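Working notes for the structure below.
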Amino acid sequence: MASEASLVAMVVALALSNALLVTSESEYNKVKIWPMPASVSYGHSHLYLSNDFELSTNYDSGLLKDAFNRMLAVIRLGHIIEANFSALHLSPLLRGLHIVISSSNHQLQYTIDESYKLTVPSPENPGYAHLEAQTVYGALHGLQTFSQLCHFNFTSRVLEVHMSPWTIIDQPRFSYRGLLIDTSRHYLPLPVVKKVIDSMSYAKLNVLHWHIVDSQSFPLEIPSYPKLWDGAYSPSERYTVADAAEVVSYAQQRGINVLAEIDVPGHARSWGTGYPSLWPSKDCQQPLDVSKEFTFKVIDGILSDFSKIFKFKFVHLGGDEVNTSCWTITPHISKWLREHGMNESQAYQYFVLRAQNVALSHGYEIVNWEETFNDFGNKLSRKTVVHNWLGGGVARQVVASGLRCIVSNQDKWYLHYLDTTLQEFYANEPLTNITNLKQQKLVIGGEVCMWGEFVDGSDIEQTIWPRAAAAAERLWTPYDKLAKNPREVTGRLAHFRCLLNQRGVAAAPLAGQGRSAPEGPGSCYEQ
Ligand SMILES: *[C@@H]1O[C@H](CO)[C@@H](O)[C@H](O)[C@H]1NC(C)=O
Ligand SMILES: *[C@@H]1O[C@H](CO)[C@@H](O)[C@H](O)[C@H]1NC(C)=O
Ligand SMILES: *[C@@H]1O[C@H](CO)[C@@H](O)[C@H](O)[C@H]1NC(C)=O
Ligand SMILES: *[C@@H]1O[C@H](CO)[C@@H](O)[C@H](O)[C@H]1NC(C)=O
Ligand SMILES: *[C@@H]1O[C@H](CO)[C@@H](O)[C@H](O)[C@H]1NC(C)=O
C-alpha cells in the first residue's frame, strides 16, 4: 500500500493544480467511475484515442501486454473504429498509455501493493496518458479505471476520453475483497467461472473464494484420492486438476487470488460416494467420521494436492453448521469418543484443530467459518482468519481477541437473498463498532457470497451484479469518500451496471429485487 503520507502529499499537490479536485457528492456523480478512487481531479476537454493507441512500458511481461489488449477490446465494446483521422482533423490525439512499474516481482502475494496513479494529459500537451504503480497488479487496476474514462463517439466514430486532464491517485481500503462461488450445489462450467472472474476485475474485487465441494457434489479431481470425484453429479460436471490450475492462472492474470475451500467436518457427505468409510455409517452420512485416521489422511491428501494448485496464502477449511448427532448415535464412534474422553463438542473442536494443523503443515494459513470461533475461539491457531457469516457484531469480538476477520454477514452480503437491497449491500460497514486502530487492521476485508442452491450458469451473473458492485465500492473506496446515503450513488452505479451490460455481463437492473428483469421498455440508465 502506498504510504498515507505520500498519498496526502500527492492530494495536496493536486489541489494546487488547476484541475478540479472532486470533493462533493454532486461532483462524484459527474465522475462515472466505479468503485470511486481515493482521489480524482478532472478538467473539461476531449481527447481522441489514436487508431493505433499503444502500450509503452518499462515492464516486460506478457501479463501487462495481455491486460492492455483486453482493455482495448473492452473499451471498443465491439464497435468498429472507422474514422479517418486526417480527413476529420481530429485533435488532440492520445497516442498511447505509458506505464511505469517499480517492482519487477509479479507474484500475486497477499497484501501486495495495489496502488496506482493515472494521469491523462490536457489538450495543450497531449501524447501519452501515464500510469504509475508499484506492482503490475496496481497497474491492472489503473487499466480498469482508464477503461471507464473512454467512450465511443457515434459522430466521429472514434474512442474519446472526456473531461481531460485527469489525475487519479488510488489504492484500496481493504486488502481482501472477495466473492464466493459454490460449485457443489450447482456445477458451474469453466467459461461461466471465467466470466465471473472477468466481471470481478471490472469492480476491482481481488479474491475468488471457490467453495468447491459440499454435501451435494464433489466435482474436483484429487489425484491422491482418485475416487473422490465419483461424488460429482455426473461424469461431465467435473474439474480436472489442469482445469483448476487454469482457473487460478486466469484469475492471477487479472489480479485475483483464488481461495479454495473444503468444508469439514460437516458439509462433506459427497466425499463418501467414492470412499464410504468416511461416513459414520451408510444411514448417517455426515459429519466425516472423526474416529478414523483415514479421514485425516484424506484431508492431508487433498491439501497436499491443493498446495500444488492453489498458491494463495490461505485455504478455507469451513467448519460451519456441524450437526454431531451421527457421531453420538453411531456405535463405533460413540465408543471411540468414550475411549478418548470426549463429548461431541470436544470432538468437533478436535476435528477442526487437527485439520488446521494439516493445513499449516502444507504451508497454508487458515480461514474458518465463525462457528469455530464462537465455540472455541481461544483454541484456534493464531494463523486463523475467522470468516463471519451469521450476523453483525462478530468481527468486533474476533479482532478484540487478536484474530483476523473477513466480514460476510448474511443479512447484508448474501447474494441469494434477493430481497436484500442494493442500498443495504452498499451500507454494510465492516468496521462497525470497531474503534481501536490496531483492531481495525485485523479486519482484512469482506466478501459477498453467491451460494449455489438457486443459481447456475443461467442466472449467476444477474444475481451477483449489480449488488456485488455496491459491496465492492464499500471495500475499495476510502471511508470518507463513501456516500453516507447510498441513494446518492444510484446514478453512478446505474452507469456501471450499464457498462457491465455493454461488456456482455448480465447485470440486472437496479430497480426491484436482486436478479429482477427490466420492468418495461426504456433506457438501461433509467432502469
Ligand atoms: C484519409 O483522408 C486523407 C485526407 O482526406 C486521404 O488522403 C486518405 O486517403 C484517407 N485515408 C483513407 C484510408 O481513407
Ligand atoms: C463526438 O464527436 C463530435 C465530433 O468531433 C463532437 O462534436 C461531439 O461533441 C462528440 N460527442 C460527444 C457525446 O462527446
Ligand atoms: C442432525 O442430524 C440428525 C441425524 O442425521 C437428524 O436427525 C437431525 O434432524 C439433525 N438436526 C438438525 C438440527 O439438523
Ligand atoms: C463437553 O464437555 C465440556 C468439558 O467438560 C463441557 O464444558 C461441555 O458442556 C460438554 N458439551 C456437551 C455438549 O456435553
Ligand atoms: C453496534 O453498536 C450499537 C450500539 O451498541 C448496536 O446497537 C449495534 O447492534 C452494533 N452493531 C453491530 C453490527 O455490532
Side-chain angles (χ1 to χ4, degrees), residues 29 32-36 70-71 73-78 141 144-145 147-148 150-152 177-182 186 188-189 191-206 208 251 254 256 412-428 447-452 454-477 483 486-487 489-527:
N29 275 322
K32 297 285 194 276
I33 304 174
W34 194 279
M36 182 57 75
R70 282 197 306 272
M71 181 201 70
V74 149
I75 61 180
R76 284 186 190 125
L77 294 174
H141 293 313
Q144 292 298 342
T145 301
S147 79
Q148 294 191 24
C150 297
H151 309 269
F152 179 73
R177 305 179 304 280
L179 168 71
L180 176 148
I181 59 168
D182 168 6
H186 282 99
L188 295 172
V192 173
V193 173
K194 287 183 172 179
K195 260 192 97 186
V196 167
I197 292 170
D198 287 338
S199 62
M200 288 173 71
S201 71
Y202 302 151
K204 299 189 173 79
L205 293 174
N206 72 347
L208 178 71
R254 286 152 184 81
I256 294 170
K412 299 292 162 49
W413 275 0
Y414 267 27
L415 290 156
H416 71 276
Y417 293 137
L418 299 180
D419 52 3
T420 306
T421 65
L422 261 175
Q423 288 75 30
E424 290 174 293
F425 270 81
Y426 191 92
N428 192 39
E447 178 177 300
V448 288
C449 299
M450 184 66 273
W451 291 106
F454 308 105
V455 294
D456 62 13
S458 72
D459 59 356
I460 189 169
E461 286 181 357
Q462 57 268 52
T463 317
I464 294 174
W465 307 107
R467 290 178 304 159
E473 177 153 300
R474 172 66 48 180
L475 292 167
W476 177 277
T477 302
R487 296 199 180 274
V489 302
T490 304
R492 190 162 50 83
L493 183 53
H495 190 90
F496 182 67
R497 163 345 239 193
C498 297
L499 188 70
L500 290 175
N501 278 187
Q502 288 163 358
R503 293 176 179 187
V505 179
L510 269 57
Q513 292 207 319
R515 190 163 81 191
S516 62
E519 284 163 359
S523 161
C524 176
Y525 300 97
E526 307 295 327
Q527 285 163 5

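The model shown is predicted, which means the values in this text are computed figures rather than measured ones.
To the nearest 0.5 Å, the span separating CD on Q423 from OG1 on T490 amounts to 5.5 Å. L493 CG to E473 CD: the interatomic distance, rounded to the nearest 0.5 Å, is 8.0 Å. Residue R492 holds its CZ atom at 4.0 Å from CE of M36, rounded to the nearest 0.5 Å. Rounding to the nearest 0.5 Å gives a distance of 5.0 Å between CG of L208 and CE of M200. Interatomic distance, I181 CD1 to H186 NE2, rounded to the nearest 0.5 Å: 14.0 Å. A distance of 7.5 Å separates CG in D182 from CG in L188, rounded to the nearest 0.5 Å.
Tested against E461 for a salt bridge (charged side-chain N to carboxylate O under 4.0 Å, His left out), the candidates R503, R515, K195 yield a single pass: K195. Tested against S458, the residues V455, D456, I460 include a single side chain to side chain contact (heavy atoms under 4.5 Å, CB included) partner, D456.
Classified by interplanar angle (parallel below 30°, tilted 30° to 60°, perpendicular above 60°), the ring pair Y417/Y414 is parallel.
Remark: Y202 engages no residue in a side chain to side chain donor-acceptor pair (under 3.5 Å) (not counting sequence neighbours).
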Just do the side-chain contact (heavy atoms from CB on, under 4.5 Å) check on M450 and H416 with the steps written out, would you?
CA-CA 6 Å; M450 184 66 273; H416 71 276; 3.9 Å; yes
Could you check L418 against R467 for side-chain contact (heavy atoms from CB on, under 4.5 Å), going step by step and ending with a plain yes or no?
CA-CA 10 Å; L418 299 180; R467 290 178 304 159; 3.8 Å; yes
Going through the distances and angles, do F496 and Q148 end up as a side-chain contact (heavy atoms from CB on, under 4.5 Å)?
CA-CA 9 Å; F496 182 67; Q148 294 191 24; 3.6 Å; yes
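R497 approaches L510 most closely through the heavy-atom pair CG-CD1, 3.4 Å. The minimum heavy-atom distance linking W34 with A469 is given by the pair NE1-O, 2.8 Å. Contact between I256 and S201 at its shortest, heavy atoms only, is CD1-N, 4.0 Å. Residues A508 and P466 approach most closely at O-CD, 3.2 Å, considering heavy atoms. In terms of heavy atoms, C449 sits closest to L180 at CA-CB, 3.8 Å. Nearest heavy atoms, H141 versus K204: O-CE, 3.4 Å.
In this structure, R254 contributes its side chain and D198 its backbone to no donor-acceptor pair below 3.5 Å. Between the side chain of E526 and the main chain of S523, no donor-acceptor pair closer than 3.5 Å is present. The backbone N or O of V505 lies less than 3.5 Å from a partner atom in the side chain of N501, making a donor-acceptor pair.
Residue pairs meeting the ring-ring contact (aromatic ring centres under 6.0 Å, His included) criterion with at least one member in residues 502-527, sequence neighbours excluded: H495-Y525.
Cation-pi geometry between R474 and F425 is not satisfied (NZ or CZ under 6.0 Å from the ring centre, within 45° of the ring normal).
Heavy atoms of other residues, nucleotides or ligands lying less than 6.0 angstrom from CZ of F152 number more than 12.
Residues Q502 and L499 are in side-chain contact: their nearest non-hydrogen atoms beyond the backbone lie under 4.5 Å apart. Looking only at side-chain heavy atoms (C-beta outward), P486 and L422 stay at 4.5 Å or farther from each other.
Side-chain contact of Q513 with S516: a donor-acceptor pair under 3.5 Å is absent, judged by distance alone.
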